[in-house]
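Small disclaimer: the values here were computed from a predicted structure and weren't measured. Numbered from 1 within each chain, the chains take letters A, B, ... in sequence-line order.
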Protein chains: 2
Amino acid sequence: MDDRPIDSRKERILRAIIDDYIQTASPVGSRTISRKYETSLSSATIRNEMSDLEELGYLAQPHVSAGRVPSVKAYRLYVDRLLEPGTVPQDPQAKAYFSQRVHQMEDVITTAAQAISEFTRYTAVVMMPKQLELRVSTLQLVPMPRGSALLVIVTDTGAIRDTVIRVSEGLDGDALYAISRMLTEHLAGRTLQDVQEMLGTYSRQMGGDAQVLQGIADLASQMARQSATDTVTVGGSHNILNYPEYSDVEKARAFLSVLEEKEKLMALLPDGRDAFTVRIGPEMGMEEMDGCSVVTASYQVGADHNGFVGVIGPTRMPYGRVLSALSAVGSALSEMLGE
Amino acid sequence: MDDRPIDSRKERILRAIIDDYIQTASPVGSRTISRKYETSLSSATIRNEMSDLEELGYLAQPHVSAGRVPSVKAYRLYVDRLLEPGTVPQDPQAKAYFSQRVHQMEDVITTAAQAISEFTRYTAVVMMPKQLELRVSTLQLVPMPRGSALLVIVTDTGAIRDTVIRVSEGLDGDALYAISRMLTEHLAGRTLQDVQEMLGTYSRQMGGDAQVLQGIADLASQMARQSATDTVTVGGSHNILNYPEYSDVEKARAFLSVLEEKEKLMALLPDGRDAFTVRIGPEMGMEEMDGCSVVTASYQVGADHNGFVGVIGPTRMPYGRVLSALSAVGSALSEMLGE
DNA sequence: TGTTAGCACTCTCGACCGTTGAGTGCTAAC
DNA sequence: GTTAGCACTCAACGGTCGAGAGTGCTAACA
């Protein structure tokens, strides 16, 4: 592919074509550009430029007498300009829209996904940050009916997980508390990995309540596993059907299937820690998503955990608007979760 | 509408029409029935019967030279036969399919929804039972970093909920345990409603730690609220796009939107406690769902809590097969959750 | 009285056009 | 380098037509 830089007039024209195509979803002709965007140039001139742009790989023609359609390369150029440092403003309306809808902290993530999808009218994804190296802060057994107890592990970051385990019928609340104290004393400050490894050592000292130890080991490994795989929520998946590029049912089906498969979905999301990313169709290397783009903005929680808010929609997407909305919701999330 | 009973031959023909229509999704002609189902009758005879059935409201004609299509009334008759007591067998394949996929107890519900949707190739819904009148069994504060504590409430049914509350910095693990003991002593055996009401009374005795009491009140009310609204999970929503009746994108969009709105979704589910229900299109009184049916099977957890597994798909659905699959998964769920 | 063959009729669907209009590339003039 | 003009291409639209499916009706038959 030809990578010579293009002059500023070509770029202006290219941008105009993309803008128009984003609005209309149909191939853009030279006359449209000459009348709506570059009024000082005739359609013939535009035509020459468009012909050049096509040769350079920025435009494509669905068929000879249709207008031009931007290529992936064109979108790339377009969004790279948008992503130049400091050029993504926050959309205050998006922020307000989101803030109004958050009522319960427990489901901020879900709410964020819904708010983004409603606001942008695209499909939204929100990802909670991975947390590695969690350390146990407290470990406690809470009595439950019928010889069970609830094992609760709290980590230094405040993450909580619990599971029900069986214990000897004889153990009452006080006995369980005593065990909890001892366990906490031994295990506090250790990472979840450590805890799993150490349990062999302690089983002797504990004098037999292997059930409890097994429960702890299981829960610790589960927590470690869960905290290492990010949690991701999707909102407004039906929104894709708003767009003519997905009026083909087969395409829509493929799209929706990807959203329901966690693994594939994760593969769409960026793995770096860029403030913003835009991944355009084929760049993602997943056939079902060829007509799509994924736009994300990262948000910070605490010192070094970061998650993403994102939008998945057709490649023809008002990237500027979407980025601003994501930026706003992302920063709102940072504030809320940062406490 | 005419409600005279129809004779057995008419019914056989009607059933044949429905069966054929379920397979092919296209209007059924008299000749098809005469050749594939009622080989002893000529197409002309079938034609006469079909004409009668149309007059009785069981069949409709999309246009004059098309075949007949079953009406809602016809489906009703058809499924009522299927639902006659003792006529829904369990599908062992469905049970196996589901059982193989369950690994972690925490997400049985999600797994069930996925398994059902994959197995039947329809959209699945699974509902956890409502639990009213929950009584507190244990109440415990678990120390957390930085002046917080985790408040855990366990109910007699084994339901667990927790929330983070702020406590005076001075309180260590032992102090929190002492408070937990006292709280449990006072509140054990009370319903969640009681707990909320009683908190006023105890605030005096507690000598000031209003934060803790407030936390309990909040959590109790939240638990009460959550346990009163059922949790429902959807799986395989994209499956609807497999069926030609939803190749119209607008219809598909409406369908998917309903699934994403909890309230509308709940309205589709039955509120009784029947072992099986089939609700056909217009019977649900929701325009978007006119071309759909909702089939559910209930499953029991404990003495008197029951939830549902269900399938949402086009009215033209192999009800027998779907019911058997649901029945199997439902009973598997009962076993798993019954412990 | 119920069943059936035969036939005319209706209506959808797909194929096959000509027409229209948008848009292009090329040429020649400015 | 820009632009007007023109011939050319091609998708989209609309109309026509024949084929095929299916019906209702009639008349004959058991």
Just how far, in rounded Å, is [atom2] of [N] from [atom1] of [X]?
X	N	atom1	atom2	answer
B:Glu49	C:dT3	CD	C1'	11 Å
B:Ile46	D:dA21	CD1	P	18 Å
A:Ile33	C:dG23	CD1	P	10 Å
A:Asp20	C:dG23	CG	C1'	14 Å
B:Ile13	C:dG2	CD1	P	14 Å

Legend entry - Validation row: A:Tyr122, A:Ile116 side chains within 4.5 angstrom (heavy atoms):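 Side chain of A:Tyr122 against side chain of A:Ile116, heavy atoms only: no contact under 4.5 Å found.
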Between N or O atoms, less than 3.5 Å apart, protein on one side and nucleotides 24-28 of chain C on the other: list the pairs.
{"residue": "C:dT24", "atom": "OP1", "partner": "A:Ser30", "partner atom": "N", "Å": "3.3"}
{"residue": "C:dT24", "atom": "OP2", "partner": "A:Ser30", "partner atom": "N", "Å": "3.2"}
{"residue": "C:dT24", "atom": "OP2", "partner": "A:Ser30", "partner atom": "OG", "Å": "2.6"}
{"residue": "C:dG25", "atom": "OP1", "partner": "A:Arg68", "partner atom": "NH2", "Å": "2.9"}
{"residue": "C:dG25", "atom": "N7", "partner": "A:Arg47", "partner atom": "NE", "Å": "3.2"}
{"residue": "C:dG25", "atom": "O6", "partner": "A:Arg47", "partner atom": "NH2", "Å": "3.2"}

Inset, instruction - Classify the nucleic acid contact of B:Ser40 as base, sugar-phosphate or nothing, counting any heavy atom under 4.0 Å across all strands shown. - result: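 Sugar-phosphate contact only - B:Ser40 comes under 4.0 Å of backbone atoms but never of a base.
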[X]: which residues meet the ring pair (Phe, Tyr, Trp, His ring centres under 6.0 Å) condition with it, sequence neighbours left out?
X	result
A:Phe276	none
B:Tyr246	B:Phe255
A:Tyr21	none

Legend entry - Runs of at least three Watson-Crick or G-U pairs with DNA chain C, cut-off 3.5 Å: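 Runs of three or more consecutive pairs: C:1-30 with D:1-30.
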Legend entry - Shortest non-hydrogen separation from B:Tyr75 to B:Pro70 and the atoms involved: OH-CG, 3.8 Å
Legend entry - Test: A:Lys251 and A:Glu288 ion pair at under 4.0 Å: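 Judged by the 4.0 Å cut-off on N to carboxylate O distance, A:Lys251 and A:Glu288 do not form a salt bridge.
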Legend entry - Pair A:Glu84 + A:Arg81: basic N to acidic O under 4.0 Å: yes
Inset, instruction - Output yes when at least one side-chain N/O atom of A:Arg35 is less than 4.0 Å from OP1 or OP2 of C:dA22, else no. - result: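 Answer is no, no contact under 4.0 Å.
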Legend entry - CZ/A:Arg76: more than 12 non-hydrogen atoms of other groups inside 6.0 Å: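 Enclosed: over 12 neighbouring heavy atoms sit under 6.0 Å from CZ of A:Arg76.
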Inset, instruction - Determine which pairs satisfy side chain to side chain donor-acceptor pair (under 3.5 Å) with at least one residue from residues 311-321 of chain A, sequence neighbours left out, and list them in order. - result: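 Found A:Glu245-A:Arg316, A:Ser293-A:Tyr319.
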Inset, instruction - Map A:Pro27 and B:Ser42 onto DNA chain C by nearest heavy atom, then report which one ends up closer to the 5' terminus. - result: B:Ser42
